[in-house]
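Structure, as structure tokens:
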Amino acid sequence: MSDALDIALRLLAVFVVFLVFPLVIGQTEHKVMAHMQGRLGPMYAGGFHGWAQLVADGVKFAQKEDIVPAGADRRIFQLAPAVALLPYLLVLVAVPIGPHNAVGQDLDAGIFFVLAVMGVGVLGSLMAGWASANKFSLLGGLRTAAQLLAYELPMLLAAASVAMAAGTLSLPGILEAFHWWWVPWQIVGGVVFFVAGLAELQRPPFDMPVADSEIIFGAYTEYTGLRFALFLLAEYAGIVVLSALTAVLFLGGWHGPFGADGLGWLWTLVKTVILAFGVIWLRVTYPRLREDQLQKLAWTVLIPLSLAQIALTGVVKVVISS
């Protein structure tokens with residue numbers, strides 16, 4: 001009975017994080033962009049520092065009419081937002097936040113699990129583009145597919161480098177084996193992983209599949225109301241997952257200075273928040289890449305760098321073992 005209660009509490013904690021953190025990231029993005037770009041609107045809603053902006057957005061989406069195009073594949077069209085959102089909930093189950101088994105479920109092949117499930121989330125965009133019966137949506141879905149194929153490989157190779165260094169595919173196992181001197185020689189893999197993750201989330205500057213000036217928000221053109229809000233929530237949930245995974249794999253996760261592992265969850269949270277802020281900062285700073293530039297970055301820069309990182313990891317492992 002105690003085991004069942006422990007599992008229930010872990011799942012409840014993961015569910016609460018899943019419900020709260022993406023909304024916090026969304027609210028933070030409003031404020032950061034308001035400060036960086038001089039946007040006055042998000043700073044006034046509700047009074048003090050625009051605290052009610054997120055509430056206003058939620059009410060707006062809830063009030064909008066739910067429309068399904070006459071020519072759409074209705075079942076696939078309605079299912080796509082859930083397919084885009086729910087995989088990130090499953091990924092959070094496997095992400096450790098602290099020492100002493102502070103994880104929803106420790107999986108032996110944790111890296112493969114989280115990368116595979118994150119790839120499933122991208123299928124929501126493909127389903128939405130195909131089912132909408134709209135040429136702009138279909139084009140956005142095809143761009144999403146091309147982007148997924150290009151950036152899934154460097155992301156997997158970068159994660160494989162860390163698994164080689166730790167000698168395990170378990171995320172808690174990687175953190176148990178982590179040493180601070182890993183950071184300098186794994187940093188290239190960390191950058192590759194983070195950039196590839198941004199591209200899979202279709203975040204700026206990798207948002208060509210949802211280019212509003214060309215294909216009218218791509219795969220999501222025909223979505224309205226709460227279904228559209230679910231796609232936005234999936235994007236913010238993806239930011240939380242990507243930032244947490246980057247912190248765990250390349251920045252030591254719960255490890256902090258002065259050996260303060262008792263505050264492990266706090267160090268994981270701080271690193272995740274800093275990386276999430278970086279995601280927002282990139283949106284404000286850089287213009288959208290063209291489709292050819294996006295593909296060139298993946299195939300000629302990120303994949304060679306990730307392969308070089310694996311080679312370096314192999315060399316370091318051989319030197320250490322000898």
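Computed over heavy atoms, backbone and side chain alike; hydrogens, waters and symmetry mates excluded.
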So, [X] side chain and [Y] main chain: donor-acceptor pair closer than 3.5 Å or not?
| X | Y | value |
| --- | --- | --- |
| Q309 | G189 | yes |
| Q293 | R290 | yes |
| K271 | A244 | no |

Side-chain heavy atoms of [X] within contact of [Y], under 4.5 Å:
| X | Y | result |
| --- | --- | --- |
| V162 | F193 | no |
| F194 | V279 | yes |
| E200 | M155 | yes |
| P204 | R288 | no |
| L275 | I239 | no |

Can you tell me how far the OG1 atom of T221 sits from the NZ atom of K135, to the nearest 0.5 Å?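 It comes to 11.5 Å.
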Any chance you could measure R10, atom CZ, to Q105, atom CD, to the nearest 0.5 Å?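 Taking CZ in R10 and CD in Q105, the distance rounds to 8.0 Å.
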Please walk me through it: do V59 and Q63 pass side chain to side chain contact (heavy atoms under 4.5 Å, CB included)? CA-CA 6 Å; V59 172; Q63 289 179 334; 3.8 Å; yes
Indicate the ring-plane relationship of W180 and F178, choosing parallel, tilted or perpendicular according to the 30° and 60° boundaries.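 Rings of W180 and F178: perpendicular, as their planes differ by over 60°.
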Between Y223 and F77, does the ring centroid distance fall short of 6.0 Å?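 Between F77 and Y223, which both carry aromatic rings, the centre distance is below 6.0 Å.
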Lys/Arg-Asp/Glu bridge criterion (N-O < 4.0 Å) met for E222, R227: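 No, E222 and R227 are not salt-bridged.
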Which pair of non-hydrogen atoms, one from L90 and one from F113, has the smallest distance, and what is that distance?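 Smallest interatomic distance, heavy atoms only, reads O-CE2, 3.5 Å.
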Let me see the working for V210 and Y220 under side chain to side chain contact (heavy atoms under 4.5 Å, CB included), right down to the final yes or no. CA-CA 8 Å; V210 293; Y220 317 127; 3.6 Å; yes
Show, in sequence, the C-alpha distance, side-chain angles and deciding distance for D108 and L169, and conclude whether the side chain to side chain contact (heavy atoms under 4.5 Å, CB included) test is met. CA-CA 6 Å; D108 292 336; L169 296 175; over 6 Å; no
